[in-house]
Amino acid sequence: MLNQALAFILQNVTNLLLIALLLRVYMQLVRVPFQNPFAQFVVKVTDFAVRPMRKVVPGLLGIDMATLLLAIILQFMLTLALYALQGFPFAVAGMSVLTGFLLLSLVSLLTLACYVLMGLVLVTAVLSLVNPFSPFMVVFDSLTAPLLRPFRSVVPLIGNVDLSPMIFLLLCQFVVTFPLAWLDLWARHLI
């Protein structure tokens, strides 16, 4: 019972930090201006870990590799910790299971990234209906515009309603449900 509570707390706290790290990578990738409260919050929450990592790991092709590597390492450590709390026999299994744990960590991180993107699209859609002139609308719109642009070019407006967020959400849910779930199952078989 204590292990379950500890796993719950560890997973949720780590996932919040992972979400902030993924948002930071994505915001830099799509060149969101960092002079807004939302971006400043993400930077302040992640700066304690990202700044030292940037001294060691440089960026690559506009991608913040330090933050991305930090997210991968954190997810890997979380996966190992959760399995350790469940009583996984690491001493018996040996080093051969690390490949499976690494793949499982990458799949978990990709799944979380899909959910983060889905959340951004949902927040933008709701914000555009409730308060389209909010100062946060500029940030969320610049975060979701690159995601929705391919769908907006194909799907026309129907009665002034943009269906591209719904199509994007369905596509993300498909990716999480089928390819990522299959990779997750395969990684668990490697363990």
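Residues: numbered from 1 along the sequence shown.
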### Task
Begin with the C-alpha distance, continue with both residues' side-chain angles, and end with the deciding distance and a verdict on side chain to side chain contact (heavy atoms under 4.5 Å, CB included) for Ile191 and Thr99.
CA-CA 8 Å; Ile191 297 174; Thr99 306; over 6 Å; no
Minimum-distance pair of heavy atoms, taken over all atoms of [X] and [Y]:
{"X": "Pro146", "Y": "Val30", "value": "CG-CG1, 3.8 Å"}
{"X": "Ala187", "Y": "Gly100", "value": "CB-O, 3.8 Å"}
{"X": "Thr46", "Y": "Ala20", "value": "CG2-CB, 3.5 Å"}
{"X": "Cys172", "Y": "Cys114", "value": "SG-O, 4.5 Å"}
{"X": "Ala71", "Y": "Leu18", "value": "O-CD2, 3.3 Å"}
{"X": "Ala66", "Y": "Val57", "value": "CB-O, 3.6 Å"}

### Task
May I have the step-by-step check of ring-ring contact (aromatic ring centres under 6.0 Å, His included) for Phe101 and Phe76, ending in yes or no?
CA-CA 7 Å; Phe101 280 116; Phe76 183 67; 7.2 Å; no
Can you confirm whether [X] sits close enough to [Y] that some side-chain heavy atom of one is under 4.5 Å from a side-chain heavy atom of the other?
{"X": "Leu74", "Y": "Leu109", "answer": "no"}
{"X": "Leu78", "Y": "Gln75", "answer": "yes"}
{"X": "Thr124", "Y": "Pro165", "answer": "no"}
{"X": "Val97", "Y": "Phe88", "answer": "yes"}

### Message
Tell me if the centroids of the rings in Phe38 and Phe140 come within less than 6.0 Å of each other.
### Response
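They qualify: ring centres under 6.0 Å apart.
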### Query
If you round to the nearest 0.5 Å, how far is CG of Leu143 from CG of Leu23?
7.5 Å
#### Entry: From CG (Asp64) to CG (Leu69), nearest 0.5 Å
10.5 Å
### Task
Identify which one of Leu106, Val175, Leu185 satisfies the side chain to side chain contact (heavy atoms under 4.5 Å, CB included) criterion when paired with Leu180.
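Only match with Leu180 under side chain to side chain contact (heavy atoms under 4.5 Å, CB included): Val175.
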### Identified side chain to side chain contact (heavy atoms under 4.5 Å, CB included) counterpart of Tyr26 within the set Val42, Val32, Leu147
Leu147
### Query
Is a side-chain donor or acceptor of Ser128 paired with a backbone partner of Ala125 at a separation under 3.5 angstrom?
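Yes; judged by distance alone, with no hydrogens or angles, the pair exists.
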### Query
Do Asn3 side-chain atoms and Leu85 backbone N/O form a donor-acceptor pair below 3.5 Å?
yes
### Task
Dump the intermediate steps for side chain to side chain contact (heavy atoms under 4.5 Å, CB included) on Met166 and Leu169, then the final yes or no.
CA-CA 5 Å; Met166 186 174 19; Leu169 293 173; 5.6 Å; no
### Task
Please report the C-alpha distance between Phe168 and Leu117 in whole Å, then the side-chain angles of each, then the deciding distance to 0.1 Å, and finally whether the side chain to side chain contact (heavy atoms under 4.5 Å, CB included) criterion is met.
CA-CA 9 Å; Phe168 176 80; Leu117 295 177; 4.1 Å; yes
### N-O pairing of Asp47 and Arg24 below 4.0 Å
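Arg24 and Asp47: salt-bridged.
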